[in-house]
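One structure is given below, encoded as structure tokens.
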Amino acid sequence: MSDKILVCYASQAGSTRGVAEAIGKTLNEGGAQVDVRPMQEVQDLAAYRAVVAGSAVHGGEWLPEAIHFMRTHRATLTQKPFAAFLVCMTLSMRNADKYREHVATWLEPVRALVRPVSEGLFAGALDIRTIPSFGDRLKFRLSVVFGFWKEGDHRDWNAIRAWANTARPLLLR
Ligand SMILES: Cc1cc2nc3c(=O)[nH]c(=O)nc-3n(C[C@H](O)[C@H](O)[C@H](O)COP(=O)(O)O)c2cc1C
């Protein structure tokens with residue numbers, strides 16, 4: 001088998017794709033061959049030595065296509081080093097550290113399918129105009145008005161790169 005790592009993602013508005021690309025670039029700069037692809041395009045994991053999978057969080061959960069990916073590839077993923085990450089707005093809050101432990105529980109359904117060698121929890125981005133549902137737009141406008149969340153890009157590239165660097169040896173072991 002090659003030493004190639006797959007970094008795959010589920011993203012609605014694009015911020016998780018950006019996180020996946022940064023993880024892929026960091027792994028690649030560390031000497032690994034990497035493919036970065038949307039989960040929905042991935043059919044076969046045979047070519048990969050290790051897999052990193054990540055999703056945006058909606059309603060405290062990975063996106064449905066991400067859970068579908070895990071269920072479809074569960075048997076193969078249990079045979080390879082596997083790392084998971086999530087991207088959410090809760091970790092963009094001023095007192096985000098207080099919520100990290102709770103946010104980590106959102107990966108429990110993933111852990112129940114395949115135990116990751118490493119887990120990354122990242123702040124994402126919010127652009128209310130891109131949210132398709134009127135009800136969700138209203139909810140998020142209220143979150144902004146009441147000061148829970150701030151619109152904008154909260155991705156912490158240093159934290160993302162640092163996680164990828166710590167995950168690399170665990171993925172290539
Ligand atoms: C419909 C919807 C539901 C969301 N639910 C949550 C949530 O439960 N917890 C949270 O912290 N962030 C939540 N978010 C924020 C997203 O996780 C965040 O904006 C993320 O960066 C989106 O990733 P994407 O740009 O790849 O789609 C939600 C966003 C949307 C649009």
Side-chain angles (χ1 to χ4, degrees), residues 5-28 34-43 51-73 77 82-114 116 118-164 167:
I5 300 174
L6 173 67
V7 180
C8 59
Y9 59 87
S11 177
Q12 187 184 74
S15 65
T16 307
R17 183 183 66 226
V19 172
E21 282 163 358
I23 291 168
K25 188 161 181 280
T26 306
L27 292 173
N28 181 251
V34 183
D35 283 346
V36 180
R37 296 175 61 196
M39 280 180 196
Q40 278 159 319
E41 282 180 14
V42 177
Q43 308 293 341
V51 176
V52 180
S55 174
V57 166
H58 281 193
E61 295 177 348
W62 264 18
L63 294 177
E65 65 261 35
I67 292 294
H68 177 74
F69 173 88
M70 292 301 299
R71 293 210 176 103
T72 305
H73 296 287
L77 287 170
F82 164 72
F85 69 93
L86 62 72
V87 178
C88 71
M89 278 301 287
T90 300
L91 293 179
S92 72
M93 291 165 72
R94 223 176 307 121
N95 43 2
D97 277 349
K98 216 165 79 183
Y99 300 107
R100 279 193 92 77
E101 208 175 308
H102 176 66
V103 167
T105 67
W106 295 343
L107 283 176
E108 191 48 49
V110 178
R111 280 181 218 128
L113 291 166
V114 183
S118 182
E119 296 176 2
L121 309 174
F122 305 119
L126 182 67
D127 178 353
I128 292 174
R129 289 164 313 169
T130 66
I131 298 175
S133 137
F134 173 78
D136 286 335
R137 283 202 301 278
L138 185 65
K139 197 167 75 188
F140 292 128
R141 285 213 188 284
L142 290 174
S143 299
V144 170
V145 167
F146 287 109
F148 296 118
W149 292 357
K150 255 204 207 128
E151 270 200 282
D153 190 346
H154 302 273
R155 289 172 293 180
D156 177 343
W157 301 109
N158 285 335
I160 293 162
R161 283 191 286 263
W163 178 73

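Order of listing sets the numbers, starting from 1, for every ligand and every atom in it.
Remark: ligand 1 atoms within the under-4.0 Å shell around heavy atoms of Q12 are 24 (P), 26 (O), 27 (O). For ligand 1, the atoms closer than 4.0 angstrom to any heavy atom of A56 are 22 (C), 23 (O), 24 (P), 26 (O), 27 (O).
Looking at R129 and D127, a side-chain N of the basic residue comes within less than 4.0 Å of a carboxylate O on the acidic one, giving a salt bridge.
The shell of residues lying under 4.0 angstrom from ligand 1, judged by heavy atoms, includes W106.
Proximity of S15 to D153: side-chain heavy atoms (C-beta onward) are nowhere separated by under 4.5 Å. Put simply, the side chain of P116 reaches to within 4.5 Å of the side chain of R111, judged on heavy atoms.
Residue contacts with ligand 1: M89 is placed with a nitrogen or oxygen under 3.5 Å of a nitrogen or oxygen of the ligand (distance criterion only). In terms of polar-atom proximity, defined here as any N/O pair under 3.5 Å, T90 does make such a contact with ligand 1. The distance criterion of under 3.5 Å between nitrogen or oxygen atoms is not met by R17 with respect to ligand 1. Between G124 and ligand 1, no pair of N/O atoms sits closer than 3.5 Å. Close N/O approach between T16 and ligand 1 is found [any backbone or side-chain N/O within under 3.5 Å]. Polar contact with ligand 1: absent for L126 (N/O pair, distance under 3.5 Å). Geometrically, ligand 1 and A13 share a nitrogen or oxygen pair separated by less than 3.5 Å. Considering backbone and side-chain atoms alike, F140 places every N or O at 3.5 Å or more from each N or O of ligand 1. For ligand 1, none of its N or O atoms has an N or O atom of W149 under 3.5 Å away. Residue G14 places at least one N or O, backbone or side chain, under 3.5 Å from an N or O of ligand 1.
In this structure, E151 contributes its side chain and I128 its backbone to a donor-acceptor pair below 3.5 Å. The backbone N or O of A123 sits nowhere less than 3.5 Å from a side-chain atom of S92 that would complete a donor-acceptor pair. Without hydrogens or angle criteria, R137 side chain to I131 main chain gives a donor-acceptor distance under 3.5 Å.
With hydrogens left out, the protein atom closest to atom 31 (C) of ligand 1 is H58 NE2, 3.5 Å, a heavy atom. Scanning all protein heavy atoms for the shortest distance to atom 5 (N) of ligand 1 gives G59 N, 2.9 Å. Taking atom 8 (O) of ligand 1 as the reference point, the nearest protein heavy-atom neighbour is G60 N, 2.9 Å. Looking at atom 28 (C) of ligand 1, its nearest protein heavy atom turns out to be V57 O, 3.4 Å. Nearest non-hydrogen protein atom to atom 25 (O) of ligand 1 is S15 OG, 2.6 Å.
In this structure, W62 has its ring center no closer than 6.0 Å to that of H58.
The aromatic rings of W106 and H102 sit perpendicular, their planes meeting at an angle over 60°, well past the 30° parallel limit.
Each of V57, V103, D97 was checked for a side chain to side chain contact (heavy atoms under 4.5 Å, CB included) with L91, and the lone residue meeting it is V103.
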* Kindly indicate, with the supporting measurements, whether the criterion side chain to side chain contact (heavy atoms under 4.5 Å, CB included) is fulfilled by R141 and V144. => CA-CA 5 Å; R141 285 213 188 284; V144 170; 5.7 Å; no
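Taking all atoms of both residues into account, the shortest heavy-atom contact from G124 to V87 is CA-CG1, 3.4 Å.
Under 4.0 angstrom from ligand 1, the non-hydrogen atoms of D136 all belong to its side chain. At a 4.0 Å heavy-atom cut-off, ligand 1 touches A125 through the backbone alone.
With hydrogens and angles left out, the side-chain atoms of S118 and W163 include a donor and acceptor closer than 3.5 Å.
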